[in-house]
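First the proteins, then the strands, lettered A, B, ... as listed; each starts at 1.
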2 protein chains.
Amino acid sequence: MKLQLQIKMNEALFLRNPESSELGKNILKHSIQLIDRTGFELFTFKKLAEEIGTTEAGIYRYFENKHKLLVYLTAWYWGWLEFQIIFQTNNIKDPIIKLKKVIKLLAQAVKDDEQTSHINEHSLHKIIISEGSKAYLTKHVGEDNKQQFFKPYKDLCAAVGQIVSECNPTYKYPKSLASTIIEMAHFQNFFMHHLPSLTDFGKEKKESEIISFLNDLVFSSIKKV
Amino acid sequence: MKLQLQIKMNEALFLRNPESSELGKNILKHSIQLIDRTGFELFTFKKLAEEIGTTEAGIYRYFENKHKLLVYLTAWYWGWLEFQIIFQTNNIKDPIIKLKKVIKLLAQAVKDDEQTSHINEHSLHKIIISEGSKAYLTKHVGEDNKQQFFKPYKDLCAAVGQIVSECNPTYKYPKSLASTIIEMAHFQNFFMHHLPSLTDFGKEKKESEIISFLNDLVFSSIKKV
DNA sequence: TTATTTTTGATAGTATTACTACCTTTTTAT
DNA sequence: ATAAAAAGGTAGTAATACTATCAAAAATAA
C-alpha cells in the first residue's frame with residue numbers, strides 16, 4: 001500500500017492550488033530547490049520560471065508574489081511537522097518522553113519523505129532554518145495573521161505547549177517555552193553553521209548537541225522544585 | 001558637562017562615514033524613522049532621499065545598499081547596548097545580579113539616549129526586534145562574517161556568556177544560552193505584539209513578563225544541582 | 001457532435017527598484 | 001589665489017515585480 005500524504009492548505013495562500021496540476025507541483029518542487037540554492041532575497045519568479053521551463057506569468061497565476069509562496073512553504077512544513085509529531089508520539093503516554101521526541105524531531109535534519117513526491121523535506125527544512133522567520137517578520141504580519149496564514153505554526157506551538165503543561169501543570173510559561181524551543185531548534189542550527197561563536201557546538205557541528213542543549217534548557221525549566 | 005558618545009564602527013560597512021557630515025547623520029536619523037515606519041522590505045533609498053530632501057545618489061555615496069545600512073544600524077545598536085551593559089553593571093560583583101540586569105536591559109524598551117542626538121534608540125530597538133535577524137539571515141552571511149560585520153553582536157553574546165559562566169562555571173552551554181536570551185528577548189516581544197498566542201503574555205503585553213520568563217528560563221538552567 | 005465556456009499557458013508590456021556614470025558646486029589645504 | 005578633494009545633483013540602465021492581453025487546449029453543456 002502506498003499512502004499519499006496531502007496537507008490541507010489555507011486557500012488564501014494561493015490563487016490556484018499548486019497541488020492540482022503538474023505546473024503547480026513543479027513550482028513547489030523547483031521553488032524549494034531554488035530558494036535553498038540562492039536564498040530568498042535573490043530568488044525571483046523569473047528565475048523560477050526559467051528553471052521550470054515556463055514563464056513568469058505562469059507562476060503568478062498560482063502565487064500572488066514570492067512572499068506568499070514562502071508563507072505557503074513554511075505553512076506546509078509546519079503542517080507536515082505536526083503530522084510527524086502526532087504520528088511519531090502516538091501511544092507515548094509519558095509527556096516527558098513525548099517532549100524529548102518532539103525536541104528531536106524539531107532539531108534533527110529531516111530525511112526526504114517518500115510520501116510527498118514533489119516536496120523535498122530536507123531542502124525545505126534548510127529553508128525553514130534560513131528563511132522561515134521572514135514569513136512573519138513583516139509589517140503586514142497582522143493582516144496575514146488575520147487570514148490565518150500562521151495557523152499551522154501556532155497549532156504546532158500550542159501542541160508543544162500542551163505537552164509542556166502535561167509535564168508540569170504549574171509551569172507558568174508553556175507557550176513561550178514552546179516558541180522558544182521551536183525557534184532555537186532552528187536558530188542554534190543556523191548559528192552553529194554560520195556564526196559558530198554564538199553557540200557551544202562550533203567544533204563538532206552536530207545536531208545531537210543542539211538537542212542536548214534544548215533538553216537541558218527545557219527540563220531544567222519545567223522541573224518541579 | 002555634556003558627553004558625546006561615539007561608537008567606533010567597522011569601516012567596511014560604509015563607503016563614507018555617516019557620522020562625518022550632516023547628510024550622513026540625516027541618513028542615519030531618517031533611515032531609522034523610515035524603516036521603523038515602513039518595514040525593511042518597503043524601505044528604499046529613493047524614499048529615504050525624498051524624506052531627507054536629497055537624492056538617491058547621495059545616499060549611495062554613504063552606503064553600498066540598504067542591506068549594508070541595516071547591518072550598520074544593527075551593529076551600532078549592539079555596540080551601544082554593550083556599552084550600556086558595561087556602564088550599568090559596573091561595580092556589580094555578584095554575577096547573578098549582573099545577569100538579571102543584563103536580561104532587563106535586553107528585554108526592556110529603550111528610552112532615547114540624549115548622548116546620541118541623531119540616533120533614536122527607541123525606534124532603533126523596534127527595528128532590531130522586527131528586522132534585526134535579517135541582517136544575518138542571508139546567503140552571504142559567511143562573507144559578511146569574515147569582514148567582521150557581526151563582531152558587536154558576537155562580542156555582546158560573548159560578554160553575556162561570560163557572566164553565565166561566572167554564575168555557574170560547570171554549565172555546559174553558556175554561549176548558546178546567551179544567544180537564546182538575546183534572540184528571545186526580541187522574539188518574545190515581537191510575538192507578544194503580533195502573534196500573541198505564541199506567548200503567555202498576550203493579554204497584559206508587558207515587557208516585565210518577558211523579563212520574568214527569561215529570568216526563570218536562565219536561572220533554572222544554570223542552577224547548580 | 002458541436003458550441004461555449006473555462007482553464008492553462010505565452011507575449012508584451014509598465015512602474016518601481018537598485019544601482020552607475022558623469023557633471024557641478026562647495027570646502028579645504030597650500 | 002589656486003588646486004584638489006569632498007559633497008551633492010542629473011540622468012541614465014538593468015533587473016524586478018508585477019499586469020493586461022492574447023491564444024491554445026481542455027472541460028462542459030446543448
Side-chain angles (χ1 to χ4, degrees), chain A residues 9 11-31 34-35 37-73 118 131 134-135 138-140 143-144, chain B residues 9 11-31 34-35 37-73 118 131 134-135 138-140 143-144:
Chain A
M9 297 297 294
E11 305 250 324
L13 279 172
F14 51 77
L15 299 169
R16 190 163 302 178
N17 191 341
E19 300 274 0
S20 73
S21 74
E22 272 315 300
L23 177 59
K25 284 175 195 164
N26 265 320
I27 290 173
L28 297 181
K29 182 178 174 177
H30 287 92
S31 65
L34 196 55
I35 293 174
R37 209 165 65 230
T38 66
F40 187 63
E41 279 71 36
L42 295 181
F43 167 80
T44 69
F45 277 3
K46 182 125 185 249
K47 289 176 193 165
L48 176 59
E50 273 160 25
E51 193 103 346
I52 298 174
T54 180
T55 56
E56 254 185 297
I59 320 275
Y60 275 106
R61 218 171 279 110
Y62 285 85
F63 290 101
E64 228 177 294
N65 52 52
K66 70 173 185 172
H67 184 258
K68 281 264 172 76
L69 173 54
L70 179 67
V71 176
Y72 181 98
L73 292 175
H118 54 289
E131 324 289 350
K134 296 172 194 170
T138 68
K139 274 286 158 183
H140 47 90
E143 296 107 75
D144 287 0
Chain B
M9 298 297 294
E11 304 250 322
L13 279 172
F14 50 77
L15 299 169
R16 190 163 301 178
N17 191 342
E19 301 273 2
S20 73
S21 75
E22 272 315 301
L23 177 59
K25 286 177 194 162
N26 265 321
I27 290 173
L28 297 181
K29 181 177 175 178
H30 287 93
S31 66
L34 195 56
I35 294 174
R37 210 165 61 229
T38 66
F40 187 63
E41 279 71 35
L42 295 181
F43 167 81
T44 68
F45 278 4
K46 182 127 187 245
K47 288 177 194 166
L48 177 58
E50 274 160 24
E51 192 104 344
I52 297 175
T54 182
T55 56
E56 256 185 297
I59 320 275
Y60 275 104
R61 217 167 283 110
Y62 286 84
F63 290 100
E64 228 177 298
N65 52 51
K66 71 174 184 171
H67 184 259
K68 282 265 173 74
L69 173 53
L70 179 66
V71 176
Y72 181 99
L73 292 175
H118 55 289
E131 323 288 350
K134 295 172 193 169
T138 68
K139 274 285 157 182
H140 47 89
E143 295 108 77
D144 287 1

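- Among all heavy-atom pairs drawn from A/Leu73 and A/Leu28, the shortest one is CD2-CD2, 4.3 Å.
- When all heavy atoms of A/Thr55 and A/Ala49 are compared, the closest pair comes out as C-CB, 3.4 Å.
- Listed by residue number, the members of residues 63-73 of chain B with any heavy atom below 4.0 angstrom from DNA chain C are B/Asn65, B/Lys66.
- Inter-residue side-chain proximity for A/Ile35 and A/Glu131 is flagged as met; some heavy-atom pair is nearer than 4.5 Å.
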Please step through side chain to side chain contact (heavy atoms under 4.5 Å, CB included) for the pair A/Thr54 and A/Leu48, ending with a clear verdict.
-> CA-CA 8 Å; A/Thr54 180; A/Leu48 176 59; over 6 Å; no
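- Between B/Leu15 atom CG and B/Ile59 atom CD1 the span is 12.0 Å, to the nearest 0.5 Å.
- Not counting sequence neighbours, the partners of A/Arg37 by the side chain to side chain donor-acceptor pair (under 3.5 Å) test are A/Glu51.
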Can you check nucleotides 5-7 of chain D for protein contacts, nitrogen or oxygen pairs under 3.5 Å, and list what you find?
| unit_1 | atom_1 | unit_2 | atom_2 | d |
| --- | --- | --- | --- | --- |
| D/dA7 | OP2 | B/Arg16 | NE | 3.0 |
| D/dA7 | OP2 | B/Arg16 | NH1 | 3.0 |

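- With sequence neighbours left out, A/Glu50 forms a side chain to side chain donor-acceptor pair (under 3.5 Å) with no residue at all.
- Taking CG from A/Leu69 and CZ from A/Phe43, the interatomic distance works out to 5.0 Å, rounded to the nearest 0.5 Å.
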Please list each protein N or O that sits under 3.5 Å from an N or O in nucleotides 25-27 of chain D, with the distance.
none

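- When rounded to the nearest whole Å, the span between CG of B/Leu42 and C1' of D/dT16 equals 14 Å.
- For residues 49-60 of chain A, proximity to DNA chain D is found at A/Glu56, A/Ala57, A/Tyr60, defined as any non-hydrogen atom under 4.0 angstrom from a strand atom.
- The CG atom of A/Leu34 lies 11.0 Å from the CZ atom of A/Phe45; values are rounded to the nearest 0.5 Å.
- Of all heavy-atom pairs spanning A/Gly58 and A/Leu23, the tightest one is O-CD2, 4.4 Å.
- Among residues two or more places apart in sequence or in another chain, the side chain to side chain contact (heavy atoms under 4.5 Å, CB included) test is passed with B/Thr44 by B/Lys46, B/Lys47.
- Qualifying side chain to side chain contact (heavy atoms under 4.5 Å, CB included) partners for A/Ser20, counting only residues two or more places apart in sequence or in other chains: A/Asn17.
- Under the rule for a salt bridge (Lys or Arg N to Asp or Glu O under 4.0 Å), the partners of A/Glu41 that lie at least two apart in sequence or sit in another chain are A/Lys134.
- Boundaries of the chain B contact region on DNA chain C are C/dT17 to C/dA21, first to last in 5' to 3' order (nucleotide atom under 4.0 Å from a heavy atom).
- B/Glu143 is linked by a salt bridge (Lys or Arg N to Asp or Glu O under 4.0 Å) to nothing, counting only residues two or more places apart in sequence or in another chain.
- The list of side chain to side chain donor-acceptor pair (under 3.5 Å) pairs with a residue in residues 57-73 of chain B, not counting sequence neighbours, reads B/Ser21-B/Tyr62, B/Glu64-B/Lys68.
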